Amino acid sequence: MPELPEVETIRSALTLGSREAPSILERQICSVNLSWERTLATPSREEFERRIQGQRIQGTGRRGKYLILQLSQDFLLVHLRMSGDLSVVPTNKPPAPHDRLLIELEGGWRLAFNDTRKFGRVWLVEDPQEVLAPLGPEPLDEDFTPAKLHEKLHAHKRQLKPLLLDQTFLAGLGNIYTDEALHLARLHPLRKSNSLSAAESRRLWDGIRQVLKEGIRRNGASIDWVYRGGEFQNYFRVYGRTEEPCPVCGTAIARMVVGQRGTHYCPACQLLTLGDEKSPSDE
DNA sequence: ACGAGCGCCTGTCGGC
DNA sequence: TGCCGACAGGCGCTCG
C-alpha cells in the first residue's frame, strides 16, 4: 500500500498511537522474529538480532516512500513496496498469515511488518544516507519549486510517466499519484519531459503537490485487503477508472501500458500533440 | 540516456 | 467447477 501519502499515514499512526494501540515512541525493543529471510536487506540476521535488541525507538520520519525509525544507536528503514504494512498489536495476539518481521516492544506490544507479496525490505543502518542517498527531491519540501522541477524535466528527454515514477528524479510518487498528478496538470503520460513549457511544468508541480496533499489529508488510499481507514480511493479522478467519464470533460478515461505499468488518462484533457500547450484555462 | 522486458511473490478476478 | 491468463500501490537488473 505504499506511496508517499500512505507511508506518511502509517508513520503518523505509529507516532501518535490510536484507539487500538499506543505510540511506539520511547519503547524499547526486546527481541525480533524474522520469518522471511529476504525481508531483511541488511545486515545479516544474526547481526540484526543482536544489534537491534535493547535499542529504544526515539523518533519517526519519512523520506519518499521510506519509513524511518530512529533508534538509540541505529536507524531502521522500512520500504513497504507493493503489499507491506506496519501496525502495532498486542504481544499475546497470534501472528497474522503474512507477518514477515515481528518486533517485540516493552509493555506488551509488538510492531508487526506484514507483507503478502514479500517485496518489502528493512534495513538497519548507522547512517540512513547509505540507503536514501540516491533519492530525488522531496516533493512537499519548500525548496522543491516550479523552477526546480522545470529545470530537472529539461535535464532529461524521457516520457513523463516513467520519469515521475523514477525515485531518483523525485521521491514518493507511485502509479496512482502519478496518473492523478498528470491528469490534474492536463499532461499526456508520454509527453517528453524536455518539451514542457514553463507554464506546463508549473501545472505539473501544482498537480503533484495537490494530489499528495489530498492523499495525506484523506489518510491515503485503501485498496483490496489492506485497509488503513484511508479514503482517497473514493476520490480518484482517473486511476482505475477506465471507461468511466472524465470528471472534467466527460470523455471516457483510457488505459495504456507505459513501462509495464497500467496508465490511466483522459484522451481529451491530456493531449499528446502540441495542442494543449496553450489551452484557454492555462495561466 | 532511454525504454522494454523480466524477475521477485501472492492473491484476486474475469473469461472460457 | 476448474483452469489460465491478466493484473496489482515497487523496484533492480539486463539488454539493445
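Here the structure is a predicted model, which means the values were calculated and not measured. Below, read A as the first sequence line, B as the second, and so on, with proteins coming before strands; counting in each chain starts at 1.
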Pair assignment for DNA chain B - dot-bracket with | for other-strand partners, Watson-Crick or G-U under 3.5 Å = .|||||||.|||||||
Got a sec, which hydrophobics cluster with A:Trp36, joining ILVMFWY side chains under 4.5 Å apart, including via others?
-> none
Excluding A:Leu102, membership of its hydrophobic cluster (Ile, Leu, Val, Met, Phe, Trp, Tyr; side-chain heavy atoms within less than 4.5 Å) reads none
Quick one: list whatever passes ring pair (Phe, Tyr, Trp, His ring centres under 6.0 Å) with A:Phe169, sequence neighbours left out.
-> A:His156
Quick one: hydrophobic cluster around A:Tyr66, which other residues, with the 4.5 Å side-chain cut-off, linked directly or via members?
-> A:Ile68, A:Phe75, A:Leu77, A:Trp123, A:Val125, A:Val131, A:Leu132, A:Leu135
Got a sec, which hydrophobics cluster with A:Val257, joining ILVMFWY side chains under 4.5 Å apart, including via others?
-> none
Does A:Arg255 have a side-chain nitrogen or oxygen under 4.0 Å from the phosphate oxygens OP1 or OP2 of C:dA8?
-> yes
Checking all strands, does A:Tyr239 fall into the base, sugar-phosphate, or nothing category for heavy-atom contacts under 4.0 angstrom?
-> sugar-phosphate
Could you pull out all residues at least two apart from A:Glu244 that satisfy side chain to side chain contact (heavy atoms under 4.5 Å, CB included)?
-> A:Arg241
Partners meeting ring pair (Phe, Tyr, Trp, His ring centres under 6.0 Å) with A:His264 (sequence neighbours left out) | A:Tyr239
Pairing residues for A:Arg261 by the side chain to side chain donor-acceptor pair (under 3.5 Å) criterion, not counting sequence neighbours | none
Who are the side chain to side chain contact (heavy atoms under 4.5 Å, CB included) partners of A:Ser12, not counting sequence neighbours?
-> A:Leu16
Do any of residues 159-175 of chain A sit with a heavy atom less than 4.0 Å from DNA chain B, and if so which?
-> A:Gln159
Using a heavy-atom distance cut-off of less than 4.0 Å, which residues of residues 118-127 of chain A contact DNA chain B?
-> A:Lys118, A:Phe119
